[in-house]
Amino acid sequence: GAVVSQHPSRVICKSGTSVKIECRSLDFQATTMFWYRQFPKQSLMLMATSNEGSKATYEQGVEKDKFLINHASLTLSTLTVTSAHPEDSSFYICSAGAVPGTSGGWDTQYFGPGTRLTVL
Amino acid sequence: AQTVTQSQPEMSVQEAETVTLSCTYDTSESDYYLFWYKQPPSRQMILVIRQEAYKQQNATENRFSVNFQKAAKSFSLKISDSQLGDAAMYFCAYRKYGNKLVFGAGTILRVKS
């Protein structure tokens with residue numbers, strides 16, 4: 001149980017285009033989802049926290065107009081990188097926190113497999 | 001602010017041997033969770049083990065166990081009978097109830113055959 005999927009697994013796009021990444025909790029409901037960015041051999045950097053049905057909370061230094069997050073349902077959150085540039089190239093990982101009473105309990109986060117974004 | 005420190009950037013272990021990865025954290029809270037996550041070359045983050053701070057008993061998951069020292073704010077991970085598949089980056093993480101995870105910098109574990 002507690003499986004999180006992410007799509008696409010990798011994407012290459014041209015500079016100036018927008019890219020959408022989907023994150024789904026497959027077998028549990030997630031009231032809260034998290035989006036991370038990770039550079040090679042480094043730790044995960046939290047970008048934003050999204051709660052179902054409300055606006056995302058962005059970490060300091062993260063441009064909310066560039067990284068649009070939508071959490072429309074208890075099983076789906078999306079991250080859209082708008083007007084992507086080469087410096088946005090990175091590995092993006094989503095994570096979902098389980099609803100109380102479901103697999104793993106509220107305070108356990110389960111992670112998607114990540115999306116490698118390359119902006120040319 | 002809470003911080004998590006993993007002082008070992010890299011560790012090596014011989015196959016079938018035991019290795020311990022260190023983690024210390026700083027918090028003024030009394031109730032919280034601690035986690036170890038594994039990130040293999042596929043980069044999929046996998047939950048290895050979790051510990052609730054109010055529980056005195058150390059968590060165990062098969063070959064993985066922790067040494068949780070609450071007063072010392074220490075949370076080390078012991079891997080017994082190391083296998084080649086254990087090679088990965090290991091992250092220690094802290095979470096206050098309902099709050100975001102705070103990760104350490106990670107420890108790269110290499111397993112030698």
Side-chain angles (χ1 to χ4, degrees), chain A residues 1-10 21 23 25-26 28 30-51 56-60 62 69 90-100 103-117, chain B residues 1-11 21 23-25 27 29-55 59 61 66 87-110:
Chain A
V3 178
V4 178
S5 71
Q6 209 170 320
H7 178 80
S9 57
R10 56 180 63 195
I21 302 170
C23 176
S25 57
L26 298 185
F28 67 102
T31 57
T32 304
M33 287 185 170
F34 306 84
W35 287 94
Y36 296 85
R37 185 172 179 175
Q38 186 183 33
F39 293 103
K41 295 190 177 182
Q42 293 188 24
S43 190
L44 281 68
M45 181 186 77
L46 180 65
M47 299 174 65
T49 303
S50 72
N51 288 295
T57 301
Y58 290 82
E59 295 298 301
Q60 192 173 7
V62 177
I69 291 171
S90 191
F91 192 68
Y92 293 88
I93 307 174
C94 74
S95 174
V99 172
S103 174
W106 165 248
D107 278 297
T108 299
Q109 282 181 230
Y110 297 92
F111 288 81
T115 296
R116 183 180 303 281
L117 170 63
Chain B
Q2 291 85 12
T3 58
V4 177
T5 302
Q6 292 179 250
S7 58
Q8 306 152 317
E10 290 191 27
M11 292 282 285
L21 307 184
C23 173
T24 59
Y25 57 95
T27 184
E29 303 291 330
S30 58
D31 292 326
Y32 48 87
Y33 288 100
L34 294 164
F35 304 86
W36 278 97
Y37 284 92
K38 168 186 177 181
Q39 189 178 41
S42 68
R43 302 189 79 171
Q44 166 77 63
M45 292 283 285
I46 301 166
L47 176 66
V48 175
I49 204 164
R50 99 181 198 164
Q51 175 83 42
E52 292 153 300
Y54 71 87
K55 291 186 178 178
E61 287 288 340
V66 296
M89 176 88 102
Y90 286 81
F91 292 100
C92 178
Y94 161 99
R95 185 174 192 178
K96 189 177 75 170
Y97 287 163
N99 270 21
K100 59 188 179 184
L101 275 174
V102 178
F103 284 98
T107 297
I108 296 172
L109 177 66
R110 305 188 194 283

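So you know, we letter chains A, B, ... as the sequences are listed, proteins then strands, and number each from 1.
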Revision key, fill the gap. Applying a strict 4.5 Å limit to non-hydrogen atoms, the region of B:Gln6 in contact with chain A is neither
Review point. Within the side chain of A:Ser90, is there an N or O that forms a donor-acceptor pair under 3.5 Å with the backbone of A:Gln38?
Key: yes
Study note, to complete from the structure: So, the part of A:Gln6 with a heavy atom under 4.5 Å from chain B: the answer is neither
Review point. Considering only heavy atoms, which portion of B:Met45 lies under 4.5 Å from any heavy atom of chain A: side chain, backbone, both, or neither?
Key: both
Point to revise | Whether B:Phe103 and B:Tyr37 hold their rings parallel, tilted or perpendicular, with breakpoints at 30° and 60° | key: tilted
**Study point:** Modelled atom types, side-chain donor and acceptor of B:Thr27 and B:Tyr94, under 3.5 Å
**Key:** yes
**Study point:** A:Ser95 OG to A:Met33 CE distance, which is reported to the nearest 0.5 Å
**Key:** 9.0 Å
